[in-house]
Amino acid sequence: MRFVSTGGSAPAADLRTVLVEGLAPDGGLYLPERWPAPDGDFLARLRDASLVEVAERVTAPFLAEIPPADRRALIESALDFPIPLARLQPSVSVLELFHGPTLAFKDVGARFLARLLVYLLAGEDRPLTVLVATSGDTGSAVAQAFLGLPRTRVVILFPEGKVSPLQERQFTTLGENIEALAVDGTFDDCQRLVKAIFADEDLRRRLLLTSANSINFGRLLPQVIYYFHAAAQLPPGAPPPLFSVPSGNFGNLTAGLIAQRLGLATAGFVAATNANDVVPAYLETGRFEPRPSVPTLSNAMDVGDPSNFDRIQALYGSDRQALQRDLTGARFTDDETRAAIAQVAEQTGTILDPHTAVGYLALEQTLARRTEPASGIVLATAHPAKFRDGLKPVLGREIRLPNRLAACLERERRSKRVPAEVEAVREVVEGLER
């Protein structure tokens, strides 16, 4: 399979090039040159398929160069945790994507990408340098995914003071092949710095550089899997799923739209946002106007210029009306988010993290407006314990920490403060060669 850039001027590339480059030479994002035809036999038997079987069928057209036995071993290593669909209310279920090593949905994409890169680069002399910006869970997921893998090193940029303490501890306490940079700025600054480093052709010639952000198609592909897996867990005869996706950089939502392109029957998608609502605003007005991000309770969604919007536009040929047929936008305040967390906890006993709570609100609002039946599915993106400081005053009690989170609080924090300047980051990346 060949891949092309949303920028329109980069040459088509193979899978290895796409995974290593992350960003295309023209600054665009990679998508397949042609989409494989839906696999009717697989779709007809979807409800009988396991997670590994779903992953094999979904990824096969994109990873055709990898022998089936190797592909299955890679999948089994990456997806070694459950992704259950839990009923919350009669018309609302929660896809629990937080059972991986860092208790966040990004474990799915990061673990798959890490193992895929190590497999494809087995004969490469230079070590792989992974450069990633994080507003929350990406940093810990990528760090854990690559921790200890041979001939790899990871540099994580995060906005100092704008990531929850637990999230930060998960990637600043690991050491080994993980370097954490506390940037004096916002997530948008971190993302800008990563893009600037990748635009440095001299540096990229000398180093084997890649990104594990959702700009990398290798992060999106495994996320497509769990949309099919969610549908596979619906009861027989259930209406098609309506997915509500907590959205920041919009990679998770893009993966859902790709799943639909591959034949998954859905009732559509909801882009659930906080005050950083540039995509819902676009759906309403037709104007895409990036702006500085605003800090909120659902901090991993605090993105003012979501990278994957380029991919969404490419999928729909920049046709807003076509996009509106599949996608609804919604935005909610921190006060509304807190109220939803308290309400759901009281009524069901389930504690939602702030991001999932935004998704729940968006789904509830959208289902109330629909005339056609749908099986509402909220993508639960993180374990609530990762946000226990913010949730304690909402719930009036502490949330017990799972053992793997409690353990990271006992480890020493290791990070380096840097200004939001390209030269400062370049110096760190170049220093890894010495």
Side-chain angles (χ1 to χ4, degrees), residues 18-23 74 77-81 97-98 100-121 127-159 163-164 166-183 187 190-191 193-195 197-198 207-223 248-249 251-252 255 299-300 303 307-308 381-383 386 404-405 408 411 413-416 425 428-429 432:
V18 166
L19 296 187
V20 172
E21 287 190 355
L23 201 64
L74 188 156
S77 174
L79 303 182
D80 60 351
F81 51 89
L97 294 165
F98 50 72
T102 71
L103 306 181
F105 81 101
K106 293 181 181 180
D107 285 324
V108 175
R111 287 173 64 80
F112 194 99
L113 174 62
R115 284 147 182 77
L116 187 56
L117 280 167
V118 169
Y119 181 90
L120 293 175
L121 298 174
L128 176 70
T129 300
V130 182
L131 190 62
V132 63
T134 185
S135 60
D137 289 322
T138 295
S140 54
V142 171
Q144 285 286 352
F146 283 91
L147 182 65
L149 290 187
R151 300 189 61 74
T152 64
R153 53 223 186 163
V154 179
V155 180
I156 299 170
L157 281 69
F158 68 100
V163 173
S164 82
L166 271 172
Q167 287 175 317
E168 184 178 327
R169 282 278 179 172
Q170 284 190 292
F171 60 81
T172 61
T173 60
L174 297 175
E176 295 191 37
N177 57 332
I178 310 299
E179 181 84 45
L181 302 184
V183 176
F187 171 72
C190 296
Q191 191 160 252
L193 293 169
V194 167
K195 288 183 177 180
I197 292 295
F198 278 106
L207 300 179
L208 187 59
L209 271 176
T210 192
S211 172
N213 279 97
S214 58
I215 61 174
N216 194 316
F217 186 77
R219 260 278 306 277
L220 288 189
L221 177 59
Q223 291 177 244
N249 217 17
N252 208 8
N299 64 293
V303 182
S307 293
N308 278 286
T381 56
H383 193 289
K386 301 187 80 169
R404 68 187 77 174
L405 286 183
C408 75
R411 298 193 295 260
R413 183 178 182 272
R414 306 176 185 182
S415 63
K416 182 182 297 183
V425 178
V428 172
V429 174
L432 296 175

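All values derive from a computational prediction rather than experimental measurement. These numbers come from the heavy atoms of this one structure, side chains and all, not from hydrogens, waters or symmetry mates.
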**Study point:** Taking every non-hydrogen atom, the tightest pair across Arg404 and Pro101
**Key:** CD-O, 3.1 Å
Point to revise | Reported NZ-to-OG1 distance for the pair Lys386 and Thr381, which is rounded to 0.5 angstrom | key: 9.5 Å
**Study point:** Contacts of Phe158 that satisfy ring pair (Phe, Tyr, Trp, His ring centres under 6.0 Å) - sequence neighbours left out
**Key:** Phe171
Exercise for review: Determine yes or no for a side-chain-to-main-chain donor-acceptor pair under 3.5 angstrom, with Arg414 supplying the side chain and Thr173 the backbone.
Suggested key: no
Check your understanding: Just wondering, do Val118 and Leu128 contact through their side chains at under 4.5 Å, heavy atoms?
Key -> no
Review point. Do any N or O atoms from the side chain of Ser214 and from the backbone of Asn308 form a donor-acceptor pair under 3.5 angstrom?
Key: no
Check your understanding: Does the Arg111 side chain pair with the main chain of Leu79, one donor and one acceptor, at a distance under 3.5 Å?
Key -> no
Check your understanding: Taking all non-hydrogen atoms of both residues, which atom of Cys190 and which atom of Pro159 are closest, and how far apart?
Key -> SG-N, 3.6 Å
Point to revise | Shortest non-hydrogen contact from Phe98 toward His383 | key: CB-N, 3.5 Å
Check your understanding: For Ile178 and Val155, what are the C-alpha separation, side-chain angles and deciding distance, and is it a side chain to side chain contact (heavy atoms under 4.5 Å, CB included)?
Key -> CA-CA 6 Å; Ile178 310 299; Val155 180; over 6 Å; no
Review point. Distance from Leu74 atom CG to Leu120 atom CG, nearest 0.5 Å?
Key: 8.5 Å
Exercise for review: Drop me the distance from Leu147's CG to Ser140's OG, to the nearest 0.5 angstrom.
Suggested key: 12.0 Å
Review point. Looking at NZ of Lys106 and CG of Asn252, how far apart are the two atoms once the value is rounded to the nearest 0.5 Å?
Key: 8.5 Å
Study note, to complete from the structure: Of all heavy-atom pairs linking Asn249 and Ser307, the shortest is OD1-N, 2.9 Å
Exercise for review: Please check if the side chain of Thr152 supplies one atom and the backbone of Leu149 the other of a donor-acceptor pair under 3.5 Å.
Suggested key: yes
Check your understanding: Under a 4.0 Å N-O cut-off, is there an ion pair linking Glu168 with Arg413?
Key -> yes
**Study point:** Verdict with reasoning, Gln223 to Phe105, per side chain to side chain contact (heavy atoms under 4.5 Å, CB included)
**Key:** CA-CA 9 Å; Gln223 291 177 244; Phe105 81 101; 3.6 Å; yes
Check your understanding: Gln167 and side-chain hydrogen bond (donor to acceptor under 3.5 Å, both in side chains): which partner among Thr138, Asn299, Thr134?
Key -> Asn299
Exercise for review: Could you grab the distance from atom CZ of Phe198 to atom CG of Leu131, nearest 0.5 Å is fine?
Suggested key: 5.0 Å
Practice item. Answer yes if the side chains of Thr129 and Arg153 hold a donor-acceptor pair under 3.5 Å, and no otherwise. Key: yes
Practice item. May I ask you to decide if Val20's main-chain N or O and Thr210's side chain share a donor-acceptor pair within less than 3.5 Å? Key: yes
Check your understanding: For the residue pair Ala180 and Thr172, what are the closest heavy atoms and their distance?
Key -> CB-CG2, 3.8 Å
Review point. If we only count heavy atoms from C-beta on, is the Leu405 to Leu103 side-chain gap below 4.5 Å?
Key: yes
Point to revise | Residues Glu21 and Asn216: side-chain donor-acceptor under 3.5 angstrom | key: no
Check your understanding: Under 3.5 Å, is there a donor-acceptor pair between the side chain of Arg169 and the main chain of Arg411?
Key -> yes
Exercise for review: Search all heavy atoms of Ala110 against all heavy atoms of Ala141 and return the closest pair with its distance.
Suggested key: CB-O, 3.6 Å
Review point. For Gln144 and Asp107, does a side-chain donor sit closer than 3.5 Å to a side-chain acceptor?
Key: no
Check your understanding: How would you list, by chain and number, every residue that makes a ring pair (Phe, Tyr, Trp, His ring centres under 6.0 Å) with Phe146, sequence neighbours excluded?
Key -> none
Point to revise | Gap separating the CG atom of Leu181 from the OG atom of Ser415, nearest 0.5 angstrom | key: 8.5 Å
